[in-house]
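Working notes, structure below.
Here the structure is a predicted model, which means the values were calculated and not measured.
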Amino acid sequence: MVLLKGFEIEMYTGTPQGEVVGLSDKIVHDLDGFVREPDSRNVEYTTDPSANYDTLLCGLLRPRRQLRNYLQQLNNYTLIPGSTLSLAGSDRFYRSDPTNRYHDYIENTYGTKVVTASVHINIGISDPELLMRACRIIRLEAPLFLALSASSPFLDGKATGYHSTRWGLFPQTPSHVPLFASHADHIQWVEKQLALGTMQNVRHLWVSVRPNGNGRPYDLNRLELRICDLVTDPISLLAITALLEARLLQIIDNPSIDPLTQSRFSPAELIAVTARNEIAAATASLDAKLQHWQDGSSILARDWIGELYQEVWAIAKQQGFSCFLSPLNKILREGNEAQQWLQLHKVGFDAQRVIQQAIISTQEREKELESKLCSSVTA
């Protein structure tokens with residue numbers, strides 16, 4: 001069994017020099033398949049759900065190539081890696097739709113803390129109780145996926161002390177989200193938040209992992225992992241996704257995996273442990289010292305990921321996608337994007353030079369993958 005997978009990709013647009021420029025109104029008007037975010041400086045596209053990793057690779061590349069061609073024609077604009085306003089611009093909001101009341105609320109409540117780029121990984125699980133158990137486990141392990149994906153060490157031209165400034169500053173909403181013991185528990189909680197106004201609508205649940213579907217909270221069909229920074233390299237993103245899918249297949253196959261029965265911590269304590277782990281991962285990513293949800297032991301993020309990798313490798317191999325999982329070793333060996341950028345920064349590259357280099361390498365990587373692995377992508 002393999003699961004349906006899809007992505008929501010948010011990216012910044014701007015100049016080859018790294019200046020972020022708001023273009024989403026033009027992009028959404030002129031190109032199909034793109035939607036605006038509250039701030040005009042980033043734009044989102046969504047891939048069609050697929051069980052096949054080769055199809056997903058092309059689904060990631062095709063819209064991006066189309067968008068790049070459009071931006072080039074517009075005024076030599078490009079796509080800018082990273083998950084924060086790395087070089088400048090966090091002092092003000094640039095509204096993409098001034099008439100949208102929900103956007104009014106977002107700007108007035110959170111400011112530019114939400115003007116970030118990221119990737120949301122959606123994986124299909126149609127059974128609501130199984131989905132809730134999967135969300136419980138992945139919520140506790142979400143810091144591992146943040147550690148692999150961190151790509152926002154800069155803000156306004158300075159190193160912030162975070163590897164993921166995005167998640168370090170992001171306003172998780174509501175402020176306390178429990179581990180849901182059942183689908184009914186989730187429904188009751190969401191209805192209460194909507195009544196209290198702590199959630200403005202059913203989409204206003206900004207937490208590392210959430211159950212999702214077209215009729216939420218009642219009709220749910222997928223797990224949405226929201227914690228990841230933008231991963232610009234599609235092969236790296238697919239490796240992270242393969243780890244998530246293999247872990248979910250393991251969870252599906254083994255009903256005893258459940259923090260409500262397997263942990264020495266209470267549900268409230270588990271939320272506290274996870275909150276600390278998320279901050280640790282946002283700060284030091286793969287080198288973060290985390291606390292394991294089962295027994296409370298201290299473990300480095302990279303070691304925990306390595307253990308999980310070994311656990312699920314046979315599952316990925318049996319299901320035919322281990323070749324997409326194996327590039328995870330390269331991330332563990334060479335570091336995530338934030339760590340690579342900070343290494344350059346340490347030897348004298350300023351933030352702008354780092355971002356400019358990343359702009360070039362991202363575009364070159366896309367061309368390489370397009371020609372080698374996805375020749376069907378239209379220019």
Between the side chain of [X] and the main-chain N/O of [Y], is any donor-acceptor distance below 3.5 Å?
X      : Y      : answer
Glu269 : Ser266 : yes
Arg222 : Ser126 : no
Asp295 : Ser263 : no
Thr15  : Tyr77  : no
Ser182 : Asp185 : yes
Thr362 : Ile359 : no
Asn336 : Ile331 : no
Gln352 : Gln17  : yes
Ser236 : Pro234 : no
Arg302 : Arg333 : no

(request) Walk me through it: do Arg365 and Glu368 pass the test salt bridge (charged side-chain N to carboxylate O under 4.0 Å, His left out)? (result) CA-CA 5 Å; Arg365 177 63 163 158; Glu368 175 192 11; 3.1 Å; yes
Report whether [X] and [Y] are members of the same hydrophobic cluster (ILVMFWY, side-chain heavy atoms less than 4.5 Å apart, transitive linking).
X      : Y      : answer
Leu57  : Leu4   : no
Val114 : Tyr94  : no
Val21  : Leu87  : yes
Ile279 : Ile299 : no
Val177 : Phe145 : yes

Which heavy atom of [X] sits nearest to which heavy atom of [Y], and what is that distance?
X      : Y      : value
Val312 : Leu325 : CG2-CD2, 4.4 Å
Pro98  : Asp104 : O-OD1, 4.0 Å
Ala288 : Ala280 : CB-O, 3.3 Å
Ala281 : Leu290 : N-CD2, 4.3 Å
Trp341 : Pro153 : CE3-CD, 3.7 Å
Asp39  : Asn42  : O-OD1, 3.3 Å

(message) Consider side chain to side chain donor-acceptor pair (under 3.5 Å). Of Thr112, Asp156, Thr165, which one does Ser90 pass it with?
(response)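 Filter result, single survivor: Asp156.
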Atom pair [atom1]/[atom2] of [X] and [Y] - distance to nearest 0.5 Å:
X      : Y      : atom1 : atom2 : result
Gln318 : Leu249 : CD    : CG    : 9.5 Å
Leu67  : Leu74  : CG    : CG    : 10.0 Å
Ser83  : Glu10  : OG    : CD    : 8.5 Å
Glu337 : Leu342 : CD    : CG    : 11.0 Å
Asp97  : Glu37  : CG    : CD    : 12.0 Å
Glu19  : Thr13  : CD    : OG1   : 10.5 Å

How about [X] and [Y]: do any of their side-chain heavy atoms sit closer than 4.5 Å?
X      : Y      : answer
Glu245 : Val2   : yes
Asp258 : Thr261 : yes
Pro63  : Phe34  : yes
Leu223 : Asn122 : no
Trp189 : Phe180 : yes
Pro259 : Ile137 : yes
Phe324 : Leu56  : no
Leu23  : Val43  : no

(message) Strictly below 4.0 Å, N to O, side chains only: are Arg36 and Asp25 in salt-bridge contact?
(response)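 Asp25 and Arg36: not salt-bridged.
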(message) Any salt bridge linking Glu366 with Arg68? Criterion: basic side-chain nitrogen under 4.0 Å from a carboxylate oxygen.
(response)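 A salt bridge links Glu366 with Arg68.
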Determine whether the side chains of [X] and [Y] contain a donor N or O and an acceptor N or O closer than 3.5 Å.
X      : Y      : result
Ser256 : Asn254 : yes
Arg264 : Gln294 : no
Thr173 : Tyr110 : yes
Glu107 : Tyr102 : no
Gln356 : Arg353 : no
Glu278 : Gln172 : yes

(request) Verify side chain to side chain donor-acceptor pair (under 3.5 Å) between Thr198 and Gln193, making sure each step is shown before the conclusion. (result) CA-CA 5 Å; Thr198 53; Gln193 304 312 306; 2.6 Å; yes
(request) Mind running side chain to side chain donor-acceptor pair (under 3.5 Å) on Glu191 and Tyr218 for me, showing each step along the way? (result) CA-CA 10 Å; Glu191 289 177 341; Tyr218 313 104; 2.7 Å; yes
(request) Please check if atom CG in Asn76 has more than 12 non-hydrogen atoms from other residues, nucleotides or ligands closer than 6.0 Å. (result)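 Counting other residues, nucleotides and ligands, CG of Asn76 exceeds 12 neighbours.
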(message) Can you tell me which residue among Arg226, Glu44, Arg210 is in a side-chain contact (heavy atoms from CB on, under 4.5 Å) with His120?
(response)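 For His120, the side-chain contact (heavy atoms from CB on, under 4.5 Å) test succeeds with only one of Arg226, Glu44, Arg210, which is Arg226.
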(request) Apply side chain to side chain donor-acceptor pair (under 3.5 Å) to the pair Arg65 and Asn69, showing each step before the final yes or no. (result) CA-CA 6 Å; Arg65 177 58 54 198; Asn69 289 340; 4.6 Å; no
(message) Below 30° counts as parallel, above 60° as perpendicular, anything between as tilted: where do the rings of Phe170 and Trp167 land?
(response)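 The arrangement is parallel - the two ring planes meet at less than 30°.
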(request) Look at the aromatic rings of Phe154 and His345 and report parallel, tilted or perpendicular, splitting at 30° and 60°. (result)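 It falls in the perpendicular class, over 60°.
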(request) Report the C-alpha separation of Ile227 and Val209 in whole Å, then their side-chain angles, then the decisive distance to 0.1 Å, and conclude whether the side chain to side chain contact (heavy atoms under 4.5 Å, CB included) test is met. (result) CA-CA 7 Å; Ile227 200 170; Val209 179; over 6 Å; no
(request) Start with the C-alpha gap between Glu307 and Gln310, add the side-chain angles, then the distance that decides, and say whether side chain to side chain contact (heavy atoms under 4.5 Å, CB included) holds. (result) CA-CA 5 Å; Glu307 289 180 6; Gln310 293 300 323; 5.9 Å; no
(request) Please step through salt bridge (charged side-chain N to carboxylate O under 4.0 Å, His left out) for the pair Asp229 and Arg166, ending with a clear verdict. (result) CA-CA 7 Å; Asp229 273 10; Arg166 167 185 164 269; 3.2 Å; yes
